[in-house]
There are 2 protein chains.
Amino acid sequence: MKVTIEDIACLANVSKATVSRVLNDRKGVGEETRQKVKKIIDEFEYNPNLLARGISTSKTKTIGIIIPDITNPFFPALVKSIEVELSAQGYTIILCNTDADIMREKRAISSCISKRVDGIIFASSQIDSSEVKFMLKRYNMPCVYVDRGSIDPDADAWVFVDNEYAAFLATNFLIQNGNRRVAYISGPPGISTSKERLSGYLAALRQNGIELDPNLIYTGDYTIRSGERAVEELLEKDSFSALFAANDVMAIGAMKALKKHGLSIPDDVEVIGFDNISICELTEPPLTTIEQPLTEIGRLVARLILDILAGKPVQDYSPRMQSRLILRESTKNRQPYGRGSNG
Amino acid sequence: MKVTIEDIACLANVSKATVSRVLNDRKGVGEETRQKVKKIIDEFEYNPNLLARGISTSKTKTIGIIIPDITNPFFPALVKSIEVELSAQGYTIILCNTDADIMREKRAISSCISKRVDGIIFASSQIDSSEVKFMLKRYNMPCVYVDRGSIDPDADAWVFVDNEYAAFLATNFLIQNGNRRVAYISGPPGISTSKERLSGYLAALRQNGIELDPNLIYTGDYTIRSGERAVEELLEKDSFSALFAANDVMAIGAMKALKKHGLSIPDDVEVIGFDNISICELTEPPLTTIEQPLTEIGRLVARLILDILAGKPVQDYSPRMQSRLILRESTKNRQPYGRGSNG
DNA sequence: CTGTTAGCGCATTCAC
DNA sequence: GTGAATGCGCTAACAG
């Protein structure tokens, strides 16, 4: 049933070594024999056993992608973009969901290690993941961090978005629009993106001489429900005329709740989200948000890992990707502002 | 750097065979030595090389998932559900996007074969994929088809939704609501789901004694844009008071276009989609749609492949999963109808 | 240009 | 209960 390199060798009247050479497009084979071997390979639809190759070359042509949840609309586009780039180079991906659970993250890593992937792309949910890093180093497994996780100076590479600046941009836009009371729905504490975006929010307040009102901050968990709950709670505590959510999913939940309370968007409350997932165009009203260049990020991440595998030096190239504000109808858009609005 | 079974054996003063036994929880090892070996394994964080194991057991504990596009909101939930079920059993998944391109499908299959996955889960875009089936058989690779593809009596198993009945349900609901002119946005020809859903639409017309008007049918490609274009074209050709789209994404595009033309939903046009992707609750108005039990489907698919791998007989168990109509505000909902409305 | 040989890391006989 | 030997399918180094 399974045909091996030996079978092909026999059928072609050559040695396994020769078959191996044509398989890997190496020189040192006469054109004639090369063709002969190729013909047999095609004829028998021979698929080399990559396990065996892997064990002997220590390369598997597969990359592990470890993310919290493919069901979070943020990730499919990222994964797709990575996969496209990688598969074009003959790589294959192993996908692991961790639900942002550190135990599952560790299991995913060791699973990838056991399968001897060539490298790992990791959207870690932990800010301090020294344990994981130790596992990685132990098997000296290349790893590029994406979207979130800790900024580790001795990590191979990371590609994050300029979360703080982006959050500043959004908040500042709302303030410049005349809103002195801007509510904020944060992501879960302990995730880097949450921290950074909160910093940006605070920076915008500070720069505009607005004092922080803790009643205006709600800590969610990046889900729709938490966006809804946020509005319920915020409305009870205090009034606000604008709302910035740390991701689109929560912003959408918030809009839902606001409408339920008879509040009109953007007239009563202006709303901005974060991510620019595809739904944003389709909500009512369409959601103003921060766009993350997902495709570009994915492509870059893929290239970084490939570069690392190719032995190219990539250290010191761990860019903050530039995000920008996409103006739609959930804000009043009185005044375009900053680099984000035109670019 | 890499620690092997031999290293562990040395350190524990036993043979590789013994280490292998405790690694695989096999009997025939004294409790004392077992503990000793386990300790060393933990201490050195030894990860067995699954390539080597795979080559010697012909089992890799990995499953290939081949789908058109993870970016299509339909698939993440399916993939997640499969992954949860599979990873609980120690399996890992390889994800391949094909863009519904037959060449890429074939490449994905042979990639999976080369990596010696234990089985494949395949959302094929082809109705006749005898070529692919031949590849599968050749390496006698277990494969369960999901969502779409051909109903092949000698396939290992398949799990599809009762597309025809579901489409009938939706169309009939619209007709019972008093709409004699129900437009239909079909999926691309050549995909089984498109064919089956079209059949359901036609069956509903027939049963209600309504003659088919070709002007009311538009063939889209499951994208937002095609939903918008559909409405533009349909409006030019003829009038209609209800619209059924073969997936939610097109339905949402259609709603967008209808609103742009000043038509109110559901007063001027009632709209029903298909899939119940998560956005449906959030559109304006929320979209009435057919729900596919994605989590359940994923779980079932995973179990089927596991059963096949375990040697359990699964033939003749290739169920049509029951879908149901979810009533929201894009339809007038005058009358609940059939099994779908209460389940 | 081509064949022979020796591993890669593990599971699996078969002896002891 | 444990160890030594063999083989899985392939690549790599060395001979010829």
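Just so it is clear: chains get the letters A, B, ... in the order the sequence lines come, proteins before strands, and each one is counted from 1.
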| Less than 4.0 Å between a side-chain N and a carboxylate O, is that true for B:Lys61 and B:Asp118? | no
| Would you call B:Asp99-A:Lys80 a salt bridge at under 4.0 Å N-O? | yes
With heavy atoms under 4.0 Å as the rule, sort [X] into base, sugar-phosphate or nothing.
{"X": "A:Lys27", "answer": "nothing"}
{"X": "B:Thr33", "answer": "sugar-phosphate"}
{"X": "A:Gly28", "answer": "base"}
{"X": "B:Val14", "answer": "sugar-phosphate"}
{"X": "B:Asn13", "answer": "sugar-phosphate"}

Would you say [X] places a side-chain N or O within less than 4.0 Å of OP1 or OP2 belonging to [N]?
{"X": "A:Tyr46", "N": "D:dG9", "result": "no"}
{"X": "A:Ser15", "N": "C:dT4", "result": "no"}
{"X": "B:Thr18", "N": "D:dG3", "result": "yes"}

Side chain of [X], heavy atoms from C-beta onward: which of [options] has the nearest atom to it?
{"X": "B:Lys16", "options": "C:dT12, D:dT11, C:dA11", "answer": "C:dA11"}
{"X": "A:Ala52", "options": "C:dG3, C:dC8, D:dC10", "answer": "D:dC10"}
{"X": "B:Arg26", "options": "C:dA11, C:dT12, D:dA12", "answer": "C:dT12"}
{"X": "B:Pro48", "options": "D:dT11, C:dT12, C:dC10", "answer": "C:dC10"}
{"X": "A:Asn49", "options": "D:dC10, C:dC10, C:dT12", "answer": "D:dC10"}
{"X": "A:Ser56", "options": "C:dG9, C:dG7, C:dC14", "answer": "C:dG7"}
{"X": "B:Ile55", "options": "C:dG3, D:dC8, C:dA11", "answer": "D:dC8"}
{"X": "B:Ile5", "options": "D:dG3, C:dA11, D:dT11", "answer": "C:dA11"}

Are a donor atom and an acceptor atom from the side chains of [X] and [Y] found within less than 3.5 Å of each other?
{"X": "B:Glu31", "Y": "B:Gln35", "answer": "yes"}
{"X": "B:Thr92", "Y": "A:Ser111", "answer": "yes"}
{"X": "A:Tyr91", "Y": "A:Thr60", "answer": "no"}

| field | Any donor-acceptor pair under 3.5 Å from A:Asn97 side chain to A:Ile70 backbone | value | yes
Specify the separation, in whole Å, of atom [atom1] of [X] and atom [atom2] of [N].
{"X": "B:Ile8", "N": "C:dG9", "atom1": "CD1", "atom2": "P", "answer": "13 Å"}
{"X": "A:Arg53", "N": "C:dC10", "atom1": "CZ", "atom2": "C1'", "answer": "20 Å"}
{"X": "A:Tyr139", "N": "C:dG9", "atom1": "OH", "atom2": "P", "answer": "11 Å"}
{"X": "A:Lys61", "N": "D:dC10", "atom1": "NZ", "atom2": "C1'", "answer": "16 Å"}
{"X": "B:Arg116", "N": "D:dG9", "atom1": "CZ", "atom2": "P", "answer": "9 Å"}
{"X": "B:Asn24", "N": "C:dG9", "atom1": "CG", "atom2": "P", "answer": "17 Å"}
{"X": "B:Lys59", "N": "C:dC10", "atom1": "NZ", "atom2": "P", "answer": "19 Å"}
{"X": "B:Asp25", "N": "C:dA11", "atom1": "CG", "atom2": "C1'", "answer": "15 Å"}

| query | Does the D:dG3 base have a donor-acceptor partner in the side chain of B:Arg21 within less than 3.5 Å? | reply | yes
